[in-house]
Protein chains: 2
Amino acid sequence: MTYCVGIQLDRGIVFMSDTRTNSGVDNISTFRKMHSFEVPGDRSITLMTAGNLATTQALISLLQERSKHPSDRSPDILQCESMFQVARLVGGTLKEVISNHADEGQRADATFNATIILGGQVKGGAPRLFMIYPEGNFIEAGEDTPFFQIGETKYGRPIIIRAYERQMSFEEAMKLLLVSFDSTIKANLSVALPLDWHIYEADSLANGRMGRVDRDDPYFETISNGWGVALREAFGNLPPFVLPA
Amino acid sequence: MTYCVGIQLDRGIVFMSDTRTNSGVDNISTFRKMHSFEVPGDRSITLMTAGNLATTQALISLLQERSKHPSDRSPDILQCESMFQVARLVGGTLKEVISNHADEGQRADATFNATIILGGQVKGGAPRLFMIYPEGNFIEAGEDTPFFQIGETKYGRPIIIRAYERQMSFEEAMKLLLVSFDSTIKANLSVALPLDWHIYEADSLANGRMGRVDRDDPYFETISNGWGVALREAFGNLPPFVLPA
């Protein structure tokens, strides 16, 4: 499994992804699931991937290779004129990778599926956030649903629904995502530290700040322990249920 | 979908179930998923069901009919000598119902599946809590895992993991379950009020207190609104993330 969240704020977009991949519970590894493309002053594009690792790695490699040979007729993620065109390109490439694998042997093509969160900004447009399906089509975040989750989405969703605000600072958004990841990590073995994060600042047209929360990160430990205590306190402060006589 | 929780305390067992059934999102109904069997002074047994409604209704009807004809050779839920024997009986009956349906036509037998939470006490034994699988086998709650959830279990799980204590009062346990159900109801359309609840008091050997939390229940509204506020406060009190320079 996997857990990735992309969250749109007035100030920009915050991305966070875990790094655990597993094939069964006895074959786990650490792989980066967040990848960025940048042309400073022109665009910053970030992808997070969930699903079959062979598919998602092939997708990223294809996007990278094609961006290095702009003379090809293939469209290029570093040259698309808008985030919408980037989403079409990524969706089309994803569909191509999945159908290539499915053609060549095993028929259980669900095994090759992957889902993508794509966000960023291309000069001349606003920051935009998309979720791309294995079929290559996609949806865009809006006023009513300003964030996307992929992978193991359920455990970490209630706190995002309750605490998200579009006006949040990047610091608050990072805290919110870390709480959401902590709840997920506590409940599902196949989601694990380290966590990659990326803060895209609106209109900066550059990757900006990125980092990794490692296994022994003291802030994450503070959040993880503090959230347990805070939840129990919050729970204790709710009025008691009164049993009927 | 469905959401049911059975939670074992030092004081007894608390059961809670929602009442929504759906076949697609455009065909929803309200059905009771909690059923109790009682012989005062001898036993109190409670079942909660998730899965195919035809299967679970047939299961309950069979258990009821057979308990009314104790002269039959079929074993009787009101006469089994222990909770373990009750679990075997319910598991066997469940397996029988599912295989009957599967024999008679449609082969996608997953459609007929159901999962059961069974709890209660038979004179001479302790209160016990089981989860029964469609295959008829079952597991029992213990010191390390003192509660079972069936149906849409993920959204409501983190708060139970964080706030559960074996020494809780019934009032606290009811509050905990209502918070857990509220998080689930907010996230999944196929889980909905009203909620049925049942508090079995250890060694009472009688059903005891039962009730229903209806759509306009003022306490549930207080919990639902109060929990959102409390969560946001708890979140606000966590130390802020500090962005690297």
Side-chain angles (χ1 to χ4, degrees), chain A residues 14 152-165 169-180 182-188 197 199 201 208-211 213 217-220 222-245, chain B residues 14 152-165 169-180 182-188 197 199 201 208-211 213 217-220 222-245:
Chain A
V14 181
E152 176 57 275
T153 61
K154 293 186 179 183
Y155 299 109
R157 191 174 178 87
I159 183 60
I160 300 184
I161 291 179
R162 300 276 200 173
Y164 168 83
E165 287 167 36
S169 68
F170 288 132
E171 288 84 351
E172 287 171 308
M174 283 292 295
K175 185 168 83 169
L176 175 60
L177 293 188
L178 289 172
V179 169
S180 174
D182 178 54
S183 293
T184 310
I185 288 168
K186 281 222 166 30
N188 189 327
W197 57 269
I199 296 175
E201 199 175 329
R209 281 169 286 199
M210 299 174 169
V213 175
D217 186 276
Y219 180 70
F220 186 79
T222 306
I223 288 290
S224 181
N225 299 330
W227 185 237
V229 173
L231 269 189
R232 281 190 291 275
E233 268 177 26
F235 177 72
N237 289 337
L238 288 177
F241 181 80
V242 179
L243 281 175
Chain B
V14 181
E152 175 57 276
T153 62
K154 294 187 178 182
Y155 298 109
R157 192 175 178 87
I159 183 61
I160 300 184
I161 290 179
R162 301 275 200 173
Y164 168 84
E165 287 167 36
S169 67
F170 288 132
E171 288 84 352
E172 286 171 309
M174 282 293 294
K175 185 167 83 169
L176 176 59
L177 294 188
L178 288 173
V179 170
S180 174
D182 177 54
S183 293
T184 310
I185 288 168
K186 280 220 166 29
N188 189 327
W197 58 269
I199 295 174
E201 199 175 329
R209 281 168 287 197
M210 299 174 170
V213 175
D217 186 275
Y219 179 71
F220 187 80
T222 306
I223 288 290
S224 181
N225 298 330
W227 185 238
V229 173
L231 270 189
R232 281 190 291 274
E233 268 177 27
F235 177 72
N237 290 338
L238 289 176
F241 182 81
V242 179
L243 281 175

J.: Starting at CZ of F241(A), measure out to CD1 of I199(B) and round the result to the nearest 0.5 Å.
T.: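 Answer for the CZ-CD1 pair, F241(A) versus I199(B), is 6.0 Å.
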
J.: Please classify the contact between R209(B) and chain A as side chain, backbone, both or neither, with a heavy-atom cut-off of under 4.5 Å.
T.: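 For R209(B), the side chain is the part near chain A, not the backbone.
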
J.: Taking side chain as everything from C-beta outward and backbone as N, CA, C, O, which of these in P240(A) sits under 4.5 Å from a heavy atom of chain B? Side chain, backbone, both or neither.
T.: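 Contact with chain B involves the backbone of P240(A) alone.
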
J.: Side chain from CB out, backbone as N, CA, C, O: work out which of these in L176(B) comes under 4.5 Å of a heavy atom of chain A, or both, or neither.
T.: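 The answer is both parts of L176(B).
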
J.: For residues K154(A) and Y155(B), report the shortest heavy-atom separation together with the two atoms involved.
T.: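 Shortest heavy-atom separation between K154(A) and Y155(B) comes out as O-CD2, 3.2 Å.
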
J.: Which atom names give the shortest non-hydrogen contact between K175(B) and F235(A), and what distance separates them?
T.: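 Shortest heavy-atom separation between K175(B) and F235(A) comes out as NZ-O, 2.8 Å.
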
J.: For L178(A), which atoms come within 4.5 Å of any heavy atom of chain B: side chain, backbone, both, or neither?
T.: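 For L178(A), side-chain heavy atoms alone lie under 4.5 Å from chain B.
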
J.: Between G226(B) and L238(A), which heavy-atom pair has the shortest distance, and what is it?
T.: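 Distance-wise, the nearest heavy atoms are C-CD2, 3.6 Å.
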
J.: Of the backbone (N, CA, C, O) and the side chain (C-beta and beyond), which part of R157(A) lies under 4.5 Å from a heavy atom of chain B, both, or neither?
T.: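 Answer is side chain: those atoms of R157(A) sit under 4.5 Å from chain B.
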
J.: Which region of Y219(A), side chain (C-beta onward) or backbone (N, CA, C, O), has a non-hydrogen atom less than 4.5 Å from a non-hydrogen atom of chain B, or is it both or neither?
T.: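 Looking at Y219(A), just its side chain touches chain B.
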
J.: Could I get the full list of side chain to side chain donor-acceptor pair (under 3.5 Å) partners for T153(A), not counting sequence neighbours?
T.: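 T153(A) satisfies side chain to side chain donor-acceptor pair (under 3.5 Å) with no residue once adjacent residues are dropped.
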
J.: Of all heavy-atom pairs between I223(B) and P239(A), which one has the smallest distance, and what is that distance?
T.: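 Minimum heavy-atom contact is CD1-O, 4.0 Å.
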
J.: Can you pull out every side-chain hydrogen bond (donor to acceptor under 3.5 Å, both in side chains) where at least one residue sits in residues 224-234 of chain B? Sequence neighbours excluded, please.
T.: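 Listed once each, the pairs are D182(B)-S224(B), K186(B)-S224(B).
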
